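Bear in mind that the values here come from a model prediction, so they are computed numbers and not experimental data. First listed ligand is number 1; within each ligand, the first listed atom is number 1.
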Amino acid sequence: MTSKGPEGEHPSVTLFRKYLRIRTVQPKPDYGAAVAFLEERAHQLGLSCQKVEVAPGNVVTVLTWPGSNPTLSSILLNSHMDVVPVFKEHWSHDPFEAFKDSEGYIYARGAQDMKCVSIQYLEAVRRLKGEGHHFPRTIHMTFVPDEEVGGHQGMELFVQQPEFQALRAGFALDEGLANPTDAFTVFYSERSPWWVRVTSTGRPGHGSRFIEDTAAEKLHKVVTSILTFREKERQRLQSNPHLKEGAVTSVNLTKLEGGVAYNVVPATMSASFDFRVAPDVDLKAFEEQLQGWCQAAGEGVTFEFAQKWTKPRVTPTDDSNPWWKAFSRACKDMNLTLEPEIFPAATDSRYLRAVGVPALGFSPMNRTPVLLHDHDERLHEAVFLRGVDIYTRLLSALASVPTLPGDS
Ligand SMILES: CSCC[C@H](NC=O)C(=O)O
Ligand SMILES: [Zn+2]
Ligand SMILES: [Zn+2]
């Protein structure tokens, strides 16, 4: 047991709160301060620390605990450093103060997403190292920038670098979501983000006239087709208790643009949609469907992508996957109930899975409402500390997985 700090706070909690106070908030994250914090941790833990600048100002920090058998592939523990913006006026406490209330709830942007996990990895490694363990497999902790805006200047580039190849990752853990029940959710796949902008062009003219073939009426048709599809998917989810959110395709109309004046019929209007395509969907057929909706609306209706993920992957959750076997076995030994699901949004796991690294999304927060990206994002210190215990057991199991066919 680690001794408590001056105010009776567990030092892991103190460290967590320190990390939460670093303003790595989009769109101008202070990555410099976060990287300095991580370098200091590496120094304290006696771990090597590598910095890879994948894009100007965007550094991936890798802390490494070498295993005893360098021929084995490694365990990669990933977390992102950035957090999403806040609406300060809606918070009960300053989101960058990491205020802890009398019950033990820590309020901060990043408390769930996902600075908790970063510190839990570090503290689990600290504990295992302190207890004198030495596992066969190397453990790498990667701390990446840019996830909250898509990872295009972060993990997407990092997986293409020689420094990533040199890690020889055999398996990865990355973020998941809180679970309000006693169970823990674990994510084995993700939906593919498709951000689609539909542009409709038509005849302009005076707002008092019945103009034929306007941009607006054709856009309306596409919007109706897509929102009808949305309703179908919503019903499919609602009517089948076995389906979880990530198993169906969602879409939201998130932007409408166009027009200059009340009395001018515009020649162009556009609608933007955030699709999250379920991993079992035939993406070619789905794109043809989009094309079909646009064509059916009339001439001059086109679409373009702002995001288009086309490599959905599924990490097997049966005993054919030795990593799943070790992960689920360790959870069983701790009496944890797991709920395997498809992540409804996008995380950096998709880049890892796409280059062949099986990954599970797991943020050990049960009995906790899902508050990521929300006002008053918070986590109870006891849940946080239990997470450190959980990772301690998980890492022992994963870093001890015996030689696999892929290892050499
Ligand atoms: C499609 S890139 C954006 C990634 C973002 N990830 C976390 O919220 C998301 O909206 O899912
Ligand atoms: Zn996240
Ligand atoms: Zn997020």
Side-chain angles (χ1 to χ4, degrees), residues 19-20 22-27 29 31 34 55 58 60 77-87 95 108-121 141-159 172-179 185-187 189-197 245-246 249-255 272-279 283 304-312 341-354 359-365 368-379 387:
Y19 191 43
L20 288 168
I22 301 174
R23 292 176 179 259
T24 50
V25 56
Q26 292 288 357
Y31 289 135
N58 281 11
V60 174
L77 307 176
N78 185 58
S79 62
H80 60 81
M81 297 181 287
D82 55 330
V83 299
V84 291
V86 293
F87 298 92
R109 178 55 88 221
Q112 293 194 9
D113 181 15
M114 62 175 297
K115 287 179 169 173
C116 51
V117 172
S118 310
I119 302 300
Q120 286 164 334
Y121 291 156
M141 289 174 275
T142 49
F143 301 86
V144 302
D146 205 53
E147 191 279 339
E148 291 295 3
V149 289
H152 307 297
Q153 306 295 310
M155 188 59 98
E156 185 168 25
L157 296 176
F158 184 52
V159 296
L173 287 179
D174 199 340
E175 67 187 306
L177 296 175
N179 188 320
T185 325
V186 57
F187 296 93
S189 188
E190 300 190 356
R191 298 196 290 194
S192 298
W194 278 25
W195 292 356
V196 179
R197 185 170 133 127
E245 193 185 5
T249 297
S250 71
V251 57
N252 279 293
L253 171 58
T254 48
K255 260 196 226 178
S272 301
F273 300 90
D274 180 355
F275 283 91
R276 303 297 171 129
V277 187
L283 294 180
E304 66 199 324
F305 290 99
Q307 298 271 348
K308 187 188 186 193
W309 183 251
T310 55
K311 296 175 195 159
E341 282 190 33
I342 296 160
F343 200 83
T347 76
D348 281 337
S349 293
R350 71 189 186 283
Y351 300 120
L352 292 164
R353 293 192 187 108
L360 294 173
F362 183 64
S363 299
M365 299 180 281
T368 302
V370 178
L371 290 172
L372 81 168
H373 297 205
D374 204 344
H375 310 319
D376 277 348
E377 180 179 354
R378 61 191 179 275
L379 183 60

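- With hydrogens and angles disregarded, a donor-acceptor distance shorter than 3.5 Å links the side chain of Glu377 to the backbone of Gly110.
- Nearest heavy atoms, Ala178 versus Val370: O-CG2, 3.3 Å.
- Among the atoms of Glu175, an N, O or S atom falls under 2.8 Å of the Zn ion (ligand 2).
- Between the side chains of Asp113 and His80, a donor-acceptor pair is found at a separation under 3.5 Å.
- Neither side chain, Asp82 nor Thr24, offers a donor N or O lying under 3.5 Å from an acceptor on the other.
- When only modelled atom types and interatomic distance are considered, Asp174 and Asn78 share a side-chain donor-acceptor pair under 3.5 Å.
- Looking only at protein heavy atoms, the nearest one to atom 8 (O) of ligand 1 is His373 CE1, 3.1 Å.
- The closest non-hydrogen atom to atom 10 (O) of ligand 1, taken over Arg276, Glu148, Gln307, comes from Arg276.
- When hydrogens are left out, the protein atom nearest atom 2 (S) of ligand 1 is Gly150 CA, 3.4 Å; that is the closest non-hydrogen contact.
- Short contacts between ligand 1 and Pro193, defined as distances under 4.0 Å to a heavy atom of the residue, involve ligand atoms 1 (C).
- Heavy atoms from both the backbone and the side chain of Ala346 come within less than 4.0 Å of ligand 1.
- Remark: the backbone N or O of Pro85 is paired with a side-chain donor or acceptor of Arg109 at under 3.5 angstrom.
- Residue Asp113 counts as close to the Zn ion (ligand 2), with an N, O or S atom under 2.8 Å.
- The closest approach of Glu148 to the Zn ion (ligand 3), by N/O/S atoms, is made by OE2.
- With Phe305 as reference, Trp194 is the one residue of Phe275, Trp195, Trp194 to meet the ring pair (Phe, Tyr, Trp, His ring centres under 6.0 Å) rule.
- Of all N/O/S atoms in His373, NE2 sits nearest the Zn ion (ligand 3).
- Closest to the Zn ion (ligand 2) among the N, O or S atoms of His80 is NE2.
- Using 4.0 Å as the threshold, Trp195 has a heavy atom nearer than that to some atom of ligand 1.
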* Determine, stepwise, if the pair Trp309 / Tyr351 fulfils ring pair (Phe, Tyr, Trp, His ring centres under 6.0 Å). => CA-CA 10 Å; Trp309 183 251; Tyr351 300 120; 5.3 Å; yes

